[in-house]
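Here is how names work: the chains are called A, B, and so on, in the same order as the sequence lines, proteins then strands, and each is numbered from 1.
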2 protein chains.
Amino acid sequence: MSRVTLRDIAERASVSINTVSRALNDKSGVSEETRKRIVEIADELGYMQNLVAKGLVTQSTNVIGVVVSDNVNPYFSEVIQGISLVTQARGLTQLLVNTWYSRSAEREAVNLLVQHRVDGLILFPIDWSQVDDYLRYRIPMVCVGAIPPCSEEKPMDMVAPDDFGGTTEAVEYLVRSGRKRIAYCGPGEESISGVHRLHGYERAMKAAGLEPIFIRMEAITFDAYRFGLTSSDFKDIDAVFAFNDMIAIGLLRAFGERGIAVPEDIALVGYDDIQLARYLTPALTTVRIPKEELGREAASLLIQRMGGDFSQPSVTRLLPTELIVRETT
Amino acid sequence: MSRVTLRDIAERASVSINTVSRALNDKSGVSEETRKRIVEIADELGYMQNLVAKGLVTQSTNVIGVVVSDNVNPYFSEVIQGISLVTQARGLTQLLVNTWYSRSAEREAVNLLVQHRVDGLILFPIDWSQVDDYLRYRIPMVCVGAIPPCSEEKPMDMVAPDDFGGTTEAVEYLVRSGRKRIAYCGPGEESISGVHRLHGYERAMKAAGLEPIFIRMEAITFDAYRFGLTSSDFKDIDAVFAFNDMIAIGLLRAFGERGIAVPEDIALVGYDDIQLARYLTPALTTVRIPKEELGREAASLLIQRMGGDFSQPSVTRLLPTELIVRETT
DNA sequence: TCCGTCAACATTAACGTTAACGTTAATTTC
DNA sequence: GAAATTAACGTTAACGTTAATGTTGACGGA
């Protein structure tokens, strides 16, 4: 199963390997006549460029690594889509690794990708505890989905939704609609994207003179349903601000089964605006994250960084969110 | 930014490159003492194995290529998850490429992956027109999600849901519930997975003495909503069998807005059983495809094939589907 | 005519590994 | 105590490219 190499073509064409290389790469120094002949032979033999060898000599693989927690989560997959749009247009391929929300898996994933000599890395970090370590790999890297607390600035490029603004807008809207007992449902400070949403929520609540109510959820998936079915936390609540749409959808279903009317008894706001949200009944009010743009922006930033200016100051791009009012509020 | 190589370690340890290689790869021929010393130096220098170079010499990259139409589609992403589960446990990484349902993009994707010298390829083909061409790459390959019509057997491994059985079960169930005007909503013969579902549907309808009604959908996404809102095709229908859950969900929403009651006026059956399906209200009756298992099976098959037995006869694995009755029927 | 230029090639040396094969010295075997 | 074995290395040659540097011979200008 050994493949055709430049050498095979060279022998067949009675030229040097180098000439074949130049011919196939459209470089100068080959007469049009021989180039044609070489291309013909290459086609005939079914030559396929060996990017591994090329990568070794050029020190560049044209591959970027993407590390996400879970590609099934629509948030991740939609951002990945945005990344793909940019990278594929540039002839880059993505090496995708799932970490299943495991810190050690993230570490191993980054390691593996560096070993594969990816030209750049897009990371959806689980938390900030390890990210500093990755810096010593000195590889172009963009973090997506979270910005660190002001206290610990990171010297790397970052793209994230404006979670603070998003939560504030949502909570203010709920307050304006007359809701008083507005709970935050989701993971706590341990979640890298949760922390800003949670803080934004708390601040907005205080600003409105209301008392924050934190309902902790372990999972950030539809599993919220099970919690929602049995928990007594929702007794005195008239609005729920969920960490993401999946949690909101799980709760929506649970509320339905418990006879809690949405939005009459409890108003429900999600986060992300996954594609599905608008097709639910009732359609989900949610804070839209420009996911595709997030991905495109991350990819663009990375490509720029890969372009060489490694010493440039790192940039942080905060993309605006948008409250999409539908039928659950 | 040039990285530490075996050579650097060798010089520092005053041994040959080969010894370093053996030491770090836990091969025999190195004393425990020197091995320790070498590992220490490697750590100190921050050595990271260069898998590109290794791949060149070993002729194996430990990377498999995955070609899907659209990683945002939950069907694809859940199967990908299954693949990841198996491959990551085996130390394999996936090079993921989206084709956005484009034939030419699929072609280019496969080309690119072969050029990257992936050890194997998992392909979710768009149709069968090009797949034969890929065979000449002589690379371990598994096709997922579709089996060709009996007339054209393919000499390659395949994993697919038993679409024929799935549709039959669903239609028979609808018939048993007294539905008479059961429409099939989805793409037609041009869809590689649609063709078996459509045929299964037609056969089951005829077997029940009912007339097949085919409502053609361009998109296989939530966009079905727009079609459902305006189309007059649903006037005399009392059940809809949708090509997949996304179409079903789009229609569900559209029916709701048009005042068509589900399941009273129209029963609705989806296909795939994406995670979300059970959390809808009403929860979606659907034909479950064992997506994760599909992925795991494909990966296992591929790994087996990569193991060497390239001449073994190709296997086709048909995984059973299951009708999940919920609230839309 | 002689030198310089240039196009069209060939030659050689990398890139960072692994693997086959040598070499040495110590240890075992009878 | 000589031969055989073995552990612990070193040497060399790949793997398939690209890139820097040579080498021709033809051509043009003075």
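Using modelled atom types, one finds a donor on one side chain and an acceptor on the other under 3.5 Å when comparing A:Ser102 with A:Ser104. Between the side chains of B:Asp119 and B:Ser60, at least one donor-acceptor pair of N or O atoms lies under 3.5 Å. No donor-acceptor contact under 3.5 angstrom links the side chains of B:Asn18 and B:Ser16, judged on distance only.
In this structure, B:Thr58 and A:Ser21 both approach DNA chain D, and ranking their closest nucleotides by distance from the 5' end singles out B:Thr58. DNA chain D is contacted by both B:Arg35 and A:Met48; B:Arg35 maps to the nucleotide lying nearer its 5′ end (nearest heavy atom per residue). Map B:Leu56 and B:Arg22 each onto its nearest nucleotide of DNA chain C; the residue landing nearer the 5' end is B:Leu56.
Across all strands, A:Asn50 comes closer than 4.0 Å only to sugar-phosphate atoms, never to a base (heavy-atom distances). As judged by a 4.0 angstrom heavy-atom cut-off over every strand, B:Val15 is placed among residues touching the sugar-phosphate backbone only. Here A:Ser14 lies in heavy-atom contact (under 4.0 Å) with sugar-phosphate atoms only. Nucleic acid contact for A:Ser28: none, since no nucleic acid atom lies under 4.0 Å from a heavy atom of the residue.
By the 4.5 Å heavy-atom criterion applied to side chains, A:Tyr134 and A:Ile139 are not counted as neighbours. Two residues are said to be in side-chain contact when any heavy atoms from C-beta on lie closer than 4.5 Å; A:Thr93 and A:Asn62 fail this criterion. Put simply, the side chain of B:Val97 reaches to within 4.5 Å of the side chain of A:Gln88, judged on heavy atoms. Counting heavy atoms from C-beta on, the side chains of A:Gln94 and A:Ile83 come closer than 4.5 Å. Side-chain atoms of B:Leu95 and B:Val66, non-hydrogen and from C-beta on, never get closer than 4.5 Å to each other. At least one side-chain heavy atom of B:Val68 sits less than 4.5 Å from a side-chain heavy atom of B:Asn98.
On the nucleic acid side, DNA chain D contacts chain A at distances under 4.0 Å to non-hydrogen atoms, with the end points of that region at D:dG16 to D:dA20.
The distance between atom CD1 of A:Ile38 and atom C1' of C:dA10, rounded to the nearest whole Å, is 12 Å.
Comparing the end axes of the helix from C:dT1-D:dA30 to C:dC30-D:dG1, each fitted to five base pairs by superposing C1' atoms of four pairs onto the next four, gives an inter-axis angle of 50° (nearest 10 degrees).
Put simply, A:Thr19 has no side-chain N or O that comes within less than 4.0 Å of OP1 or OP2 on C:dA8.
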